[in-house]
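Below you'll find the structure, written out as structure tokens, and then a few comments.
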Amino acid sequence: MLHIGGARTALYNWLLARGSGGQFVLRIEDTDRERSTPENVEQILEALRWLELDWNEGPLSQWERRDAHAAAVQQLLGEGRAYEDEGAVRFRVPEEGEITFQDAVLGDVTNPFSAIKDFVIQRSDGSPLYNLAVAVDDRDMGITHVVRGQDHVSNTPRQLMLLRALGANPPVYAHIPLLHGPDGKKLSKRHGAASVQEVRDQGYLPEAVRNYLALLGWGYDESTTFMTTGELVERFTLERVSKNPAVFDEQKLRWMNGHYMRELPPEDLHHRLEEFYSRSIPVEIVAISREKMQTLADFWPLAGALVDPPTEFDDKAWSQWGTSPHLPAVRSALADANGWDPEEVEAILRKLVDERGVKPKEVYQPIRVALTGKTVSPGIFESVAALGREETLARLDKALARAE
RNA sequence: GCCGCCAUCGUCUAGGGGACUAGGACGCCGCCCUCUCACGGCGGAAACCGGGGUUCGAAUCCCCGUGGCGGUACCA
């Protein structure tokens with residue numbers, strides 16, 4: 001599971017690394033012993049792959065670099081920078097003074113030493129703690145930039161002290177704002193789309209998610225909203241990252257996703273829908289649904305009845321339109337059609353509307369209900385054309401029979 | 001409690017002393033388009049947390065307050 005906030009952090013890291021032309025070396029900060037099992041890391045990498053963020057997998061810090069961490073602790077112990085305390089090892093923090101670091105988004109952050117206790121860097125069982133592990137890893141892996149959530153700001157002085165004690169050049173730190181739920185509190189599962197996996201299953205496009213995530217806590221100028229990944233890479237800078245926490249707004253993501261769906265070449269959209277539903281879908285039906293969807297998951301409720309015949313009729317829809325007196329005339333007019341394309345169908349139906357002197361809706365809605373069982377579908381001319389003459393007439397007959 | 005960070009429409013944000021009667025976007029409301037649902041077009045309501053300073057002039061700088069968040073672990 002890759003939390004949406006984590007995905008945004010990963011995206012910022014990625015944009016920065018790409019934008020630097022390979023000069024920056026970054027690391028996904030996730031040394032959680034529970035989550036950092038190989039399986040869980042694979043899940044995270046899979047989520048990143050879906051977002052199309054290629055990532056060079058490195059070693060799993062606390063699982064695979066124990067020797068390096070232990071050696072660093074020994075070094076600090078030997079130099080008197082750390083001491084043993086009931087089996088655990090603590091780093092010695094000065095009594096007086098303060099420590100300042102420059103943050104690429106927050107500016108200077110200063111902490112008095114008096115607020116930092118001597119902290120444990122190695123447990124009594126010999127395992128390293130987070131602050132020690134990342135400091136050693138940053139040094140050994142030549143990390144140049146650490147971009148992470150603001151929940152890490154107060155860890156930074158500790159890591160900085162460690163880094164200095166270990167004789168390493170500290171990286172550039174950038175703490176990006178946290179994501180909050182709609183209630184203003186920390187984002188949690190109950191707030192809806194919380195993980196990349198869920199967002200994917202809800203039918204969002206990776207390019208839309210990327211674009212949206214980039215804009216949560218960062219903006220390019222006063223009006224640009226849609227940006228390709230290339231533009232994002234080119235334009236992204238830490239200086240423009242906001243200091244304020246953001247709220248994940250699914251409605252805006254939906255809107256943005258709809259835009260990306262409509263931008264997609266029809267064949268591409270068709271392919272993604274078939275992939276999403278794991279089944280084949282007629283390309284014509286996808287084509288006529290394009291303007292009406294915001295997510296891939298919107299397709300079936302909208303046009304599924306055109307793909308597979310409806311098994312039942314919506315009660316309200318049927319009672320309002322199902323027994324329309326115009327239906328028999330529609331049936332025979334269509335049966336006499338010379339051709340079968342949207343234009344031809346439209347001509348026939350418009351003529352019928354004209355002859356009967358009724359509102360277009362009086363004729364079109366009954367057809368829609370007869371064909372799909374519902375009052376919502378793609379355009380009626382396009383739907384009829386896509387269904388084909390035989391299927392259309394068969395469905396009309398079925399509805400006609402039912403009406404008796 | 002202590003330490004730190006933050007504070008512009010409901011939401012994401014633009015703004016870095018005069019261009020601000022505060023701009024854009026989502027959402028919302030109205031109108032247009034219209035065969036449903038949408039798309040699209042046009043218009044509208046909607047914000048600088050409060051109080052002191054500094055300055056000819058503050059959303060922008062400083063201080064205080066308030067509020068939110070984070071940390072204060074042999075969690076990450």
Side-chain angles (χ1 to χ4, degrees), chain A residues 29-36 61-62 85-90 98 103 105-107 109-117 119-131 133-134 148-158 175 177-180 182 184-186 212-226 239-240 242-256 258-259 261-262 289-294 298 301-303 317 321 346 349-350 353 359-369 372 374-384:
Chain A
E29 181 133 340
D30 187 357
T31 53
D32 186 315
R33 288 177 304 157
E34 300 307 317
R35 288 180 298 172
S36 293
S61 176
Q62 289 186 3
D85 177 21
E86 296 181 16
V89 178
R90 284 183 187 277
E98 54 184 35
D103 190 284
V105 347
L106 299 176
V109 179
T110 302
N111 287 78
F113 284 130
S114 59
I116 309 173
K117 293 183 211 151
F119 54 97
V120 175
I121 54 177
Q122 187 179 72
R123 297 187 183 84
S124 43
D125 70 0
S127 62
L129 271 95
Y130 164 75
N131 280 313
V134 294
R148 60 207 338 183
Q150 279 189 10
D151 49 339
H152 282 290
V153 266
S154 34
N155 282 324
T156 309
R158 295 182 178 82
H175 291 95
L178 263 15
L179 244 35
H180 288 177
K185 295 189 177 159
K186 230 181 159 179
Y212 177 70
L213 249 26
L215 257 21
L216 259 192
W218 175 83
Y220 176 59
D221 60 18
E222 62 180 41
S223 59
T224 307
T225 300
F226 294 105
E239 290 67 38
R240 287 192 67 83
S242 163
K243 299 177 184 179
N244 311 339
V247 174
F248 183 83
D249 179 8
E250 191 164 359
Q251 295 207 94
K252 190 159 186 175
L253 209 211
R254 280 189 71 83
W255 165 79
M256 190 168 260
H259 171 89
M261 300 255 294
R262 275 170 252 120
S289 305
R290 228 158 88 91
E291 301 292 310
K292 300 166 185 294
M293 301 182 279
Q294 286 194 308
D298 285 348
L302 173 74
W321 305 106
E346 176 166 3
L349 294 180
R350 283 204 189 283
V353 167
K359 287 182 183 171
K361 185 183 206 170
E362 298 296 321
V363 170
Y364 301 151
Q365 279 301 72
I367 303 176
R368 193 183 314 278
V369 172
T372 68
K374 305 178 290 120
T375 53
V376 176
S377 83
I380 198 66
F381 313 130
E382 295 83 351
S383 295
V384 168

Options [options], nucleotide nearest the side-chain atoms of [X]:
| X | options | answer |
| --- | --- | --- |
| A/P360 | B/C12, B/U72, B/C35 | B/C35 |
| A/R368 | B/C35, B/C3, B/U13 | B/C35 |
| A/L216 | B/C6, B/C37, B/C12 | B/C12 |
| A/N244 | B/C39, B/A7, B/A25 | B/A7 |
| A/S124 | B/C6, B/C74, B/C12 | B/C74 |
| A/R158 | B/A25, B/U72, B/G4 | B/U72 |
| A/K117 | B/C74, B/C12, B/U72 | B/U72 |
| A/V247 | B/U11, B/G24, B/C35 | B/U11 |

Just to be sure I understand the rule, does [X] reach a base, reach only the sugar-phosphate, or reach nothing, if contact means heavy atoms closer than 4.0 Å?
| X | value |
| --- | --- |
| A/T224 | nothing |
| A/R262 | sugar-phosphate |
| A/D298 | nothing |
| A/A88 | base |

For atom [atom1] of [X] and atom [atom2] of [N], their distance in whole Å:
| X | N | atom1 | atom2 | result |
| --- | --- | --- | --- | --- |
| A/F381 | B/C35 | CZ | C1' | 6 Å |
| A/H152 | B/G71 | NE2 | P | 9 Å |
| A/R290 | B/G40 | CZ | P | 13 Å |
| A/N155 | B/C75 | CG | C1' | 10 Å |
| A/E362 | B/C35 | CD | P | 12 Å |

Using the [atom1] atom in both, what is the distance from [N] to [M], to the nearest Å?
| N | M | atom1 | value |
| --- | --- | --- | --- |
| B/A46 | B/G24 | P | 14 Å |
| B/U8 | B/G15 | P | 14 Å |
| B/A45 | B/C29 | C1' | 7 Å |
| B/U60 | B/C49 | C1' | 16 Å |

What form does the base of B/C64 take, syn (within 90° of 0) or anti?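 The base of B/C64 is oriented anti (glycosidic angle more than 90° from 0).
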Below 4.0 Å: OP1/OP2 of B/C75 and any side-chain N or O of A/R123: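 Yes.
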Does B/C69 have OP1 or OP2 sitting under 4.0 Å from an N or O in the side chain of A/K243?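 Result: no.
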Polar atom pairs (N or O), protein with nucleotides 14-16 of chain B, under 3.5 Å:
{"unit_1": "B/G15", "atom_1": "OP1", "unit_2": "A/R240", "atom_2": "NH1", "d": "3.1"}

Polar pair under 3.5 Å, donor/acceptor by atom type, side chain [X], base [N]:
| X | N | value |
| --- | --- | --- |
| A/S154 | B/C3 | no |
| A/D151 | B/A76 | no |
| A/K292 | B/C39 | no |

For nucleotides 26-30 of chain B, which of its nitrogen or oxygen atoms have a protein nitrogen or oxygen under 3.5 Å away, and what is each distance?
{"unit_1": "B/C26", "atom_1": "O2'", "unit_2": "A/K252", "atom_2": "N", "d": "3.3"}

Just the atom pairs and distances: protein N or O near nucleotides 58-66 of chain B's N or O, under 3.5 Å.
none

